[in-house]
> 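Sharing a structure with you now.
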Amino acid sequence: MSDITPPVVLENLELLAPLNPAEIAMIINLRAGRVPERDVHSDAIINQFNLIESELLEGKQAAALGDLDGVRDAIADIMLLAMGQQGIIADVNVDQDYRVMCAYNLTRIPKSMAEAERTVAKYEK
């Protein structure tokens with residue numbers, strides 16, 4: 001944080017510190033007056049994806065310019081928008097879905113050098 005960070009931002013950082021990204025997104029959605037619905041119209045979901053797409057383009061432009069702060073900002077915005085889907089769709093737990101996806105991905109990564117060597121040998125055949 002810089003020396004010019006507004007006090008209210010510092011207060012919010014303190015409030016958010018113990019929360020995970022999904023909980024933070026839920027608070028933001030509730031403060032914005034969005035409550036998850038069971039009967040969601042596709043346009044609400046598509047709008048979130050359009051916003052994510054816009055941030056992705058901003059991140060690519062920042063990367064092309066070598067603007068690391070812009071890249072970081074775009075990544076944070078994409079995360080917020082993705083987690084924000086659970087503020088639109090009832091019973092969606094993006095945080096848990098992310099954890100499950102990561103657990104599956106971990107099964108693809110060798111746990112030891114011996115396992116990695118067996119995997120390489122398998123694909124060389």
Side-chain angles (χ1 to χ4, degrees):
M1 288 279 101
S2 71
D3 293 335
I4 59 172
T5 303
V8 69
V9 172
L10 296 173
E11 290 170 19
N12 286 338
L13 279 171
E14 199 171 304
L15 169 76
L16 301 175
L19 304 176
N20 67 46
E23 292 167 330
I24 294 169
M26 190 62 72
I27 286 173
I28 290 169
N29 278 309
L30 290 173
R31 282 193 177 181
R34 290 185 293 269
V35 179
E37 299 179 21
R38 294 195 185 284
D39 184 27
V40 180
H41 300 284
S42 63
D43 58 334
I45 298 168
I46 291 169
N47 184 53
Q48 282 294 103
F49 282 119
N50 287 340
L51 292 169
I52 291 168
E53 187 174 34
S54 172
E55 291 298 334
L56 182 61
L57 291 174
E58 284 184 27
K60 288 179 179 182
Q61 290 170 345
L65 295 172
D67 176 7
L68 185 56
D69 288 337
V71 170
R72 292 176 63 192
D73 178 69
I75 291 169
D77 287 341
I78 290 166
M79 291 174 58
L80 175 68
L81 290 163
M83 292 292 182
Q85 287 286 25
Q86 63 195 11
I88 296 170
I89 310 164
D91 299 326
V92 168
N93 185 335
V94 177
D95 188 55
Q96 182 60 26
D97 294 343
Y98 176 76
R99 291 171 193 274
V100 169
M101 185 266 314
C102 288
Y104 273 100
N105 281 335
L106 281 173
T107 66
R108 297 182 180 127
I109 300 170
K111 294 178 186 174
S112 67
M113 185 55 85
E115 187 178 339
E117 289 168 352
R118 287 191 302 272
T119 301
V120 169
K122 172 184 168 185
Y123 287 105
E124 283 179 340
K125 288 183 183 179

> Any side-chain heavy atom of Ile28 within less than 4.5 Å of one from Ile24?
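Sidechains of Ile24 and Ile28: in contact.
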
> Taking all atoms of both residues into account, what is the closest heavy-atom pair of Ala62 and Gly70, and its distance?
CB-C, 3.6 Å

> Given a cutoff of under 4.5 Å between side-chain heavy atoms of I, L, V, M, F, W and Y, with clusters grown through shared members, what are the other residues clustered with Met101?
Tyr98

> Suppose clustering is done on Ile, Leu, Val, Met, Phe, Trp and Tyr with side-chain heavy atoms closer than 4.5 Å. Which residues sit in the same group as Leu57?
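Its cluster partners, ordered by chain and number, are none at all.
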
> Is there a path from Ile45 to Leu56 through hydrophobic residues (I, L, V, M, F, W, Y) whose side chains come within less than 4.5 Å of each other?
yes

> List the atom of Leu81, the atom of Glu55, and the distance in Å for their closest heavy-atom pair.
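Answer, listing the atom of Leu81 first, then Glu55: CD1-CG, 3.8 Å.
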
> Output yes when a side-chain donor or acceptor of Asn29 lies under 3.5 Å from a complementary backbone atom of Ala25, and no otherwise.
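Checking the backbone N and O of Ala25 against the side chain of Asn29, a donor-acceptor pair under 3.5 Å is found.
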
> To the nearest 0.5 Å, what is the distance between CD1 (Ile46) and CD (Glu53)?
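Answer rounded to 0.5 Å: 11.5 Å.
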
> Could you tell me whether a side-chain N or O of Ser54 sits under 3.5 Å from a main-chain N or O of Asn50, the two making a donor and an acceptor?
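Here the side-chain-to-backbone pair does not exist.
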
> Measure the CG-CG distance between Leu15 and Leu10 for me, rounded to the nearest 0.5 Å.
12.5 Å

> Output the rest of the hydrophobic cluster of Ile109: all Ile, Leu, Val, Met, Phe, Trp and Tyr residues reachable through side-chain heavy-atom contacts under 4.5 Å, sorted by chain and number.
Leu106

> Within a strict 4.5 Å, meaning less than it, do heavy atoms of the Glu11 and Glu14 side chains meet?
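They are not in contact (no side-chain heavy atoms under 4.5 Å apart), so the answer is no.
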
> Is there a donor-acceptor pair under 3.5 Å between the side chain of Glu23 and the backbone N or O of Leu19?
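Between the backbone of Leu19 and the side chain of Glu23 there is no qualifying donor-acceptor contact (under 3.5 Å).
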
> In Å and rounded to the nearest 0.5 Å, what is the CG to CD1 distance from Asp73 to Ile78?
9.5 Å

> What's the shortest heavy-atom distance between Gly59 and Ala74, and which atoms?
CA-CB, 3.4 Å

> When rounded to the nearest 0.5 angstrom, what distance separates CD in Glu124 from OG1 in Thr119?
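Taking CD in Glu124 and OG1 in Thr119, the distance rounds to 11.0 Å.
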
> Does Leu80 belong to the same Ile/Leu/Val/Met/Phe/Trp/Tyr cluster as Leu16, with side-chain heavy atoms less than 4.5 Å apart forming each link?
yes

> Restricting to non-hydrogen atoms, name the atom on Met83 and the atom on Pro21 that form the minimum distance, rounded to 0.1 Å.
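In terms of heavy atoms, the two residues are closest at CE-CB, 3.9 Å.
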
> Is Phe49 reachable from Leu51 through a run of I, L, V, M, F, W or Y residues, each pair having side-chain heavy atoms under 4.5 Å apart?
yes

